[in-house]
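All values below come from the heavy atoms of this structure, side chains included, with hydrogens, waters and symmetry mates left out. Nothing here was measured: the structure is a model prediction, and the numbers come from that model. Chain identifiers are assigned alphabetically (A, B, ...) following the order of the sequence lines, protein sequences preceding nucleic acid strands; residue numbering begins at 1 within each chain.
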Amino acid sequence: MPELPEVETVVRGLQGVLPGRRILSVRLGKTDFIDDPDALERELPGTYITSVQRHGKFLVVNLEGAAQGNAKLALLIHLGMTGQLTTCAPEFPAPLHTHVFISLDDGRELRYRDIRRFGRIRVQSNRTGPSPLAALGLDPLEATAGEFRAQVGGRRARVKALLLDQRVFSGMGNIYADESLWRARIHPARLGANLSAAEIVRLRSAVRHVLEEAIRLKGSSVSDYVGADGLPGEFQLRHRVYKRQGKKCSRCGATIRRMIVAGRSSHFCPQCQRGPRKTKAKASN
DNA sequence: CTTACGGCCTGGGTGC
DNA sequence: TGCACCCAGGCCGTAA
């Protein structure tokens, strides 16, 4: 599933090929995951790609009109669960579920494929309403220790829910939330407000370590993820808990467990990551 | 206001 | 060969 490291890998791959290219034409397959398919076909041709960036799990392709001073546009792409954004020769046969074909002035084609169409594509301009990027929380790689503590401490939501909430931290999903909590030795069901200052520091450094290592290994390919070059990542080989229930914890040897926390399956070591205290409904007085 | 939870979207994988 | 079921991320409505 594309989370921060996977999107970052795709962005870095595209940064080498897209900036400076002009979009010649757009061809669409199914469009139910595109906010305004007509706008995509109408507004993209003729524009120049100026840069590619990541915001949380969003991939942003910045565009500029041919004439000077033209309104700037951005193509916002969220890969959802199974989105793939690659460039290739236009003759290359398109695999099933490829729904967007953008031909470029260097003869190559930018393609979007999405098996389940949980992804989203949207053209963003100054007249298309509020950008979904505005609602995003801190980038976990850029958040200072103080910012991190402010988002986690004092919150009565489960720490797993906080890590997954894109308005709190942007970019993390189930894999990296679970891997980070294991590394920090924090149970996913603990409440943010109940974490000690030391635990919050540990969590921030675990998140950074895990995300940076995953970026180095070009992401985790667990379902359909591939980078901009079509190649899978390798971080799935380093997963310590994600989808490893029943296997041994590499740190203490206990058996990894899976349980639903914050509505999502959560993988953790019951030995290294001690559960929250059971709050008694009514203590004696 | 904050948090919790169920449902919806889709289709590949799994198990019967 | 079929088929019901589960699961995933984001979002939305509803309830406490």
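Applying a 4.0 Å cut-off to non-hydrogen atoms, the residues of residues 258-265 of chain A that approach DNA chain C are A:R258, A:R264, A:S265, listed by residue number.
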Practice item. Decide salt bridge (charged side-chain N to carboxylate O under 4.0 Å, His left out) for A:R54 and A:D139; before the verdict, give the C-alpha distance in whole Å, the side-chain angles of both, and the deciding distance to 0.1 Å. Key: CA-CA 10 Å; A:R54 178 187 64 76; A:D139 187 298; 2.8 Å; yes

**Study point:** Worked verdict on A:D32 versus A:K30 for salt bridge (charged side-chain N to carboxylate O under 4.0 Å, His left out)
**Key:** CA-CA 6 Å; A:D32 56 356; A:K30 292 189 180 180; over 6 Å; no

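Judged by distance alone, the side chains of A:D114 and A:Q84 never bring a donor and an acceptor atom under 3.5 Å apart.
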Check residues 207-219 of chain A and write down every donor-acceptor pair under 3.5 Å in which the side-chain atom is one partner and the other belongs to a residue at least two apart or another chain.
unit_1	atom_1	unit_2	atom_2	d
A:R208	NH1	A:L141	O	3.0
A:H209	ND1	A:R183	NH2	3.4
A:E213	OE2	A:R238	NH1	2.3

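Taking atom CG of A:D165 as the reference point, atom P of B:dT3 lies 9 Å away to the nearest angstrom. Per the geometry, CG belonging to A:D32 stands 12 Å off P belonging to B:dC9, to the nearest Å. Going from atom CZ of A:R167 over to atom C1' of B:dT3 covers 10 Å, rounded to whole Å. Taking atom CG of residue A:L162 and atom C1' of nucleotide B:dA4, one finds them 13 Å apart after rounding to whole Å. Nucleotide B:dC5 holds its C1' atom 11 Å from the CZ atom of A:R158, rounded to whole Å. Distance CG (A:L96) to P (B:dG11): 10 Å, rounded to an integer number of Å. Separating the NE2 atom of A:H99 from the P atom of B:dT10 is a distance of 11 Å, rounded to the nearest angstrom. A:K243 has its NZ atom 10 Å from the P atom of B:dT14, to the nearest Å.
The phosphate of B:dC9 has neither OP1 nor OP2 within less than 4.0 Å of any side-chain N or O from A:R117. Side-chain N/O atoms of A:H97 include none lying less than 4.0 angstrom from OP1 or OP2 on B:dT10.
The side-chain contact (heavy atoms from CB on, under 4.5 Å) with A:L110 is formed by just one residue from the set A:L14, A:V26, A:T86, A:V17; it is A:L14.
Evaluation of the ring pair (Phe, Tyr, Trp, His ring centres under 6.0 Å) rule for A:F268 yields A:H187 as partners, not counting sequence neighbours. Partners of A:Y225 according to the ring pair (Phe, Tyr, Trp, His ring centres under 6.0 Å) rule, which considers only residues two or more places apart in sequence or in another chain, do not exist here.
Between A:S265 and A:K160, the closest heavy-atom pair is O-NZ, 3.4 Å.
Running 5' to 3' along DNA chain C, contacts with non-hydrogen atoms of chain A at under 4.0 Å begin and end at C:dC7 to C:dG10.
The side-chain tip of A:R251 points at the ring of A:W182 from less than 6.0 angstrom away and within 45° of straight on.
For A:F169 and A:F148, the gap between ring centers is short of 6.0 Å.
Note that the two end axes of the helix from B:dT2-C:dA16 to B:dC16-C:dG2 enclose an angle of 40°, each drawn from 5 base pairs, rounded to 10 degrees.
Relative ring orientation between A:H99 and A:F33 is described as tilted, the plane-to-plane angle lying within the 30° to 60° band.
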